[in-house]
Amino acid sequence: MKHGDVVRGGVVALLAARGARTHRRAWAAVFAALTLGSLLLGTLGLAAGSAALGHARVERYAGADAVVAGTQSTSYTAQPWGSEARTVRAGLTERVRVPARALDVVRQVPGVRAAVADVAFPVTAHGRALTGRPWEATRLAAPPVRLLEGQPPTGAREIAVGEGVARAGERLTIAYGTGSATYTVTGVSAGARTVHFSPAESRRLAGRPGELDAIGVLAESGVAGDVLRTRVRHALDAAHLSDVSAPHRADDDPAPLRVLTGDGRGEAEFLAAAPARMPLLQVLASLASVVVLVGVLVVTSTVAQALRQRARELALLRAVGATPWQLRRAAGREVGRIAVLATVVGAVGAVPAYLALRALLVGRGAVPEGLELPFPPWLAAAPLGTAALMVLIAWLTALGCCARAARTRPAEALREEEPGRARQIAGCVLLGIGAMSAGAGALQHGAAAAAAASASALTMVIGCALLGPWLARGAMRVLGAPMRRLGVGGRLAASACTANAARLGAAITPVVLVTAFVLVQLAGGATLGHEAAAQARDAARADVAVSGPGVPYDAVERIRRLPGVAAATAVAHGTVVLPGKELGEPSLERLPVLGVTPRSLARTLDPAVREGSTDGLWPGTVAVGTDRARTLGVRPGDHVQLRFGDGAEARLRVVATYERALALGDFLFSYEELTRHLSAPPPVRVLAALAPGASPTSLSTAFPGVRVERDPVPERVRAEDQALGEVLTAVAVTAIGGFTVIAVLSTLTLISVGRGPELRQLRLAGADRRRLRRMLLLESAATATAGLFLGAATAALPLLAFALSAAGRLPWLPPGQGALIVAVVVLTTTSATLLPARGALRGRYPVAAR
């Protein structure tokens, strides 16, 4: 290495070390921003990695070497604009069953010791909801279910019950899908919520002759799992066996039987686990992209402000002989030291933060039952990658911000830089792009509209950041006149804000960011929830609701015949999958729907029919929400093609369109149509309207032990991932809101620290502490007012487009949340402006900075 290189390197190291020590307060703000950014990105990285490794928990089939099950997914192939055909897949949450004849095929496979048929179905005993299964399926568990007393059931009227249900030798009445029967308890097992029957009786009670839920395969000793899987796969293919939904599936949706081994065996039991992984990954990826964008804005703003405070110092170093290369390297090394330490601290904190996030998701029911989110030790190193990303962002920002100071002559560094025209043009272009994105979102539906609103808000926030100085000047033209009427402090505040537009713009930008982001995230979901709740209340017409495990499946007909009952409607919840295109790309949208009995529907559950009539809502027909009908281009008499939760495709005739789709779902089916595609008959819920003066006591008498609910909770559909979206939205708003609050504190603190000499000069010129404190309060008020107004204006356009598209109403935000946003912004700007200025305002005479 040459002597000159050593000297230059020593100078760079000296400048970096002295700069880090001298400007500790400035780098403290950068440290806080980088630590929180690394913490958020590391937490999301761990969550995404765990979700990618996620699988269904293996319980019922833990003792099986392989499980034969139906294909729990559906596929759709379409050709995007100007491209080759593409295929998309979506998980199915209703069970796709296996033909019973596959059992004999699997038994003949070499290496198979036993093939055990399994079916599960709901039953009721003593008013408790239980699950019925064949006793022989207990061999598939690990360890196998053992009897605490008695012996296994063998006859058609024998059962084994779980502990606490009954004792061996007792007679027990079991209610099942279409009736009830009395059985003799021959044994008591360790499973408290399962009733075991003989194999033949299990298949009869399941009500699906010739169909099985799954086949558990036990291998002979010495047969490897991959060998067993290959042999069973070849045997099923040779027998040309598909799952039972195959004849009803679309032509581009094959349905071969699956052979599951390892962790995949859990998919045959917990049907919602596998389909939940992709939405979880998509939400986490969307959230991570927002964090990266916000992180770039916040870190760039904080680092730039920290270096801007040192413009005169850097110019002086140039004057005494420092080269531009040395200044850039020194700034980069300075920021690099802070960034490495901060991001490592954030990365370490990401592990407990992720564990807390996972506990929150599980506790709030956002993770479906049975979905395992593993956390292997090697995954703990993932936050180091996100930490490296934050270091790179900070380092590049430092080099970019220091480039001008390194090129500027010393005398030119004493005046404030005027922003260039290129920055102004770029800001205007981004505002235009954001407005166009909002307009595109108004033409979309569902998740696409929400994504367009978020993208529009972020784009417009970046545009506001670039246009900060000009927006600050515009704000002071509006606020300057009333401020000057508030005495000397007001005139000083107006003059300071007007003279330092770039400084005010830097202070306003994080306020705009936090206001716009939080408003879009909170108001978007609140608007949909508020309108859906209003529609549910308007649709509710029933006086009572009858529900509970003791309600028979023919209850709706029996309730209609009771004296005093004017109308009765059975209601079932389910899902459908709608194939289509979004922005030219093929898509499969999973939607929550209702099945109802159509007779006198408007007297119990009024969907607000717009065209047609729900009286003809029978199997083979469907009613469609007005917004969805407009999107599909259908009216009563037309047909829609969709897929039920078990993958079966249907072409249904539209009999009506209705308004209250946010509450009741985009499609209404007949009760019979929807329930035939559910994994098991759903718990019966009957809505009843009573005649004037009638009492609901007749319902309690006719169905003893059931729940009769007066003024029932309004019926409302909920998306399968709604709980996940609510929890992660709350986490996002809290985390990124806190991130941007730190940015507000950091930026305003750095500005206030840099204004120390200015405040001391004003005191020497005769301004007392009271006037200066009033000036600072008014400046913080101007910053908060301008930031809140610009943030609300930035969020207004995407929110308006989204609310009108998705809810058909103006955006809505709970007043308490709006007040909290204002309070946080005002408190943050005030404290960040006043607290750093205490030194300059302390004492009778100003003290020079040390």
Is there side-chain contact between [X] and [Y], with heavy atoms separated by less than 4.5 Å?
X      : Y      : answer
Leu578 : Arg628 : yes
Gln72  : Glu267 : no
Leu257 : Pro99  : yes
Val622 : Val654 : yes
Val367 : Leu373 : yes
Arg60  : Thr194 : no
Arg249 : Thr71  : yes
Phe644 : Glu94  : no

Distance check, rounded to the nearest 0.5 Å: [X] atom [atom1] versus [Y] atom [atom2]?
X      : Y      : atom1 : atom2 : value
Arg716 : Leu662 : CZ    : CG    : 8.5 Å
Leu361 : Leu371 : CG    : CG    : 10.0 Å
Ile215 : Tyr61  : CD1   : OH    : 10.0 Å
His55  : Phe270 : NE2   : CZ    : 11.5 Å
Leu601 : Thr614 : CG    : OG1   : 4.5 Å
Arg610 : Thr657 : CZ    : OG1   : 6.5 Å

Strictly distance-based, threshold 3.5 Å: is any side-chain N or O of [X] a donor or acceptor partner for the main-chain N or O of [Y]?
X      : Y      : result
Arg133 : Ala120 : no
Arg603 : Leu690 : no
Arg277 : Ala52  : yes
Arg265 : Ala62  : yes
Tyr671 : Trp618 : no

Where is the tightest heavy-atom contact between [X] and [Y], given as atom of each residue plus distance?
X      : Y      : value
Pro712 : Arg685 : CB-NH2, 3.8 Å
Val684 : Val686 : CG1-CG2, 3.7 Å
Thr626 : Glu659 : OG1-OE1, 3.6 Å
Gly625 : Ala661 : CA-CB, 4.0 Å
Asp666 : Tyr658 : C-OH, 3.2 Å
Gly616 : Val655 : O-CG1, 3.8 Å

*Quick one: side chain to side chain donor-acceptor pair (under 3.5 Å) partners of Ser75, sequence neighbours excluded?*
Asp253
*asked:* Going by the rule side chain to side chain donor-acceptor pair (under 3.5 Å), which residues pair with Arg89 if we only count those two or more places apart in sequence or in a different chain?
replied: Ser73
Would you mind checking if [Y] and [X] are paired as a salt bridge, meaning a charged N to carboxylate O distance below 4.0 Å?
X      : Y      : value
Asp213 : Arg97  : yes
Asp627 : Arg630 : yes
Arg95  : Glu211 : no

*asked:* Pair Leu260, Arg258 - check side-chain contact (heavy atoms from CB on, under 4.5 Å), show working.
replied: CA-CA 6 Å; Leu260 307 174; Arg258 295 181 300 164; 4.0 Å; yes
When the side chains of residues 522-531 are checked against the rest of the protein, which donor-acceptor pairs come out under 3.5 Å, sequence neighbours left out?
| unit_1 | atom_1 | unit_2 | atom_2 | d |
| --- | --- | --- | --- | --- |
| Thr527 | OG1 | Ala523 | O | 2.6 |
| Thr527 | OG1 | Trp812 | N | 2.9 |
| Thr527 | OG1 | Trp812 | O | 3.2 |
| Glu531 | OE2 | Gln535 | NE2 | 3.2 |

*Go through the steps for Glu673 and Leu652 under the test side-chain contact (heavy atoms from CB on, under 4.5 Å), then give the verdict.*
CA-CA 11 Å; Glu673 177 86 81; Leu652 307 171; 3.9 Å; yes
*All salt bridge (charged side-chain N to carboxylate O under 4.0 Å, His left out) counterparts of Asp543, not counting sequence neighbours*: none
With a cut-off of 6.0 Å (strictly less than), are more than 12 heavy atoms of other residues, nucleotides or ligands near [atom1] of [X]?
X      : atom1 : value
Arg560 : CZ    : yes
Arg364 : CZ    : no
Glu369 : CD    : no
Arg541 : CZ    : yes

*Under the side-chain hydrogen bond (donor to acceptor under 3.5 Å, both in side chains) rule, what pairs show up with a residue in residues 646-655, not counting sequence neighbours?*
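Only Gln641-Glu649, Asp646-His677 qualify under side-chain hydrogen bond (donor to acceptor under 3.5 Å, both in side chains).
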*asked:* Run the side-chain contact (heavy atoms from CB on, under 4.5 Å) test on Val624 and Phe667 for me, step by step, so that the C-alpha distance in whole Å, both residues' side-chain angles and the decisive distance to 0.1 Å come before the verdict.
replied: CA-CA 5 Å; Val624 186; Phe667 298 98; 4.0 Å; yes
*Report the C-alpha separation of Thr74 and Arg643 in whole Å, then their side-chain angles, then the decisive distance to 0.1 Å, and conclude whether the side chain to side chain donor-acceptor pair (under 3.5 Å) test is met.*
CA-CA 9 Å; Thr74 183; Arg643 300 170 186 185; 2.8 Å; yes
*Compute both the distance and the angle, then confirm whether Arg204 meets the cation-pi test with Phe197: under 6.0 Å from the six-membered ring centre, within 45 degrees of the axis.*
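So Arg204 doesn't make the cation-pi contact.
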Enumerate, atom names and distances included, each donor-acceptor pair closer than 3.5 Å involving a side-chain atom of residues 565-575, sequence neighbours excluded.
| unit_1 | atom_1 | unit_2 | atom_2 | d |
| --- | --- | --- | --- | --- |
| Thr569 | OG1 | Thr604 | OG1 | 2.5 |
| His573 | NE2 | Glu715 | OE2 | 2.6 |
| Thr575 | OG1 | Thr93 | OG1 | 3.4 |

